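Presented below is the structure to which this report refers.
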Amino acid sequence: MPTSDDYTVAWIAPLEVELTASIRMLDVGHKKLPQSPVDHNVYHLGSINNHNIVIASLPTTGNSSAAMVITQLRNTYKQVRYGLLVGIGGVHISNGPIHLGDVVVNEPVDDHSGTIHYDHGKALEGYFQRTGYLHSPPNTLLNAVRALSTEQAICGDNLLSPHLERIDTKSISLRHYQYPGVDQDYHFNSNCSHLEKGKPCDKCGCDPRQKVDRSAQDSEDEIYDDNQKPRIKVHRGTIAAGEKVIRNGQERDHLANQYNILCFEMEAAGVMNDFPCLAIRGISDYADSHKDDRWQGYASAVAAAYARELFFHMPIDDTKGQGNSTGT
Ligand SMILES: [Zn+2]
């Protein structure tokens, strides 16, 4: 029976839909353990490939909530050395192409750390200077990301797809994790705004002529399985974390082009500077006004599947806290 000191990896799944997918990825679940009196988090404990993992959700989304949960977690699980931030995100495709249902992982690019706090900075005379570059993910996790990618390239199979089968989408309560289908991938030009909040694009009259042709963007290696499901693609690069949801295509494009951003999310800025952490984001929307929750289940599932696969590429001694590496 593991004690709290045997857990060395924290897995943060901010939303309930992300938490459920994450729990399904555990090989085995463990019993709850006593917590520090200053720790008010609720945990799900378990293991994947002999790595003991503590999973926590967030009371609310956002950077400050993520920072608070990690701080409290470390009061109880003092040997936790790495974190995985596993959930959904909005994507910018001009640095892609990236589609709904793909995975984005933060990784340093050139001189940049791989994560930017996009609404953090100072107003200087005539312009806004962003000061929000955050720490890089720890080397151990970046090495695991590369090892996973290498194995994927060598074996040619999709390593993530089998993990998705751990979520029984035939069950009514898990049906929303099903692959929605390419025909539900509504991606519009950035100057085309959604017409009626609360209604999907095909019901509210968003101009289909403004839809971006996905097939024209697909690369030649796009592989569809028997269900016409594209294989899950993984993109590595800069993730932008901010305090507000991006729901405007033009604002998204401006930020993304300036900083070569692949994906927008709302929690990494709260943890990256104080805690060695890797952000794994399943793409659920295009960070514009057409954003809805149709892809949230599947996007949560692919992010959780990627996180699970990563545990097969991490050095076991290191994550168990027995190695000498600081992980940074
Ligand atoms: Zn729309």
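These figures come from a predicted structure and were not determined experimentally. One-based numbering, in listed order, for ligands and for the atoms of each.
Atom ND1 is the N/O/S atom of H194 found closest to the Zn ion (ligand 1). Sorting the N, O or S atoms of H290 by how far they are from the Zn ion (ligand 1) puts ND1 first.
When rounded to 10 degrees, the angle formed at the Zn ion (ligand 1) by SG (C206) and SG (C201) equals 130°.
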Assess the residue pair F311 and D27 against the criterion (side-chain contact (heavy atoms from CB on, under 4.5 Å)); give the C-alpha distance rounded to whole Å, side-chain angles, the decisive distance to 0.1 Å, and a yes or no.
CA-CA 11 Å; F311 286 96; D27 287 338; over 6 Å; no
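Ring geometry for Y298 versus Y179: interplanar angle over 60°, hence perpendicular rather than tilted (30 to 60°).
Between the side chain of S113 and the main chain of L134, a donor-acceptor pair closer than 3.5 Å is present.
In summary, R24 and D168 do not engage in a salt bridge, as defined by a charged side-chain N under 4.0 Å from a carboxylate O.
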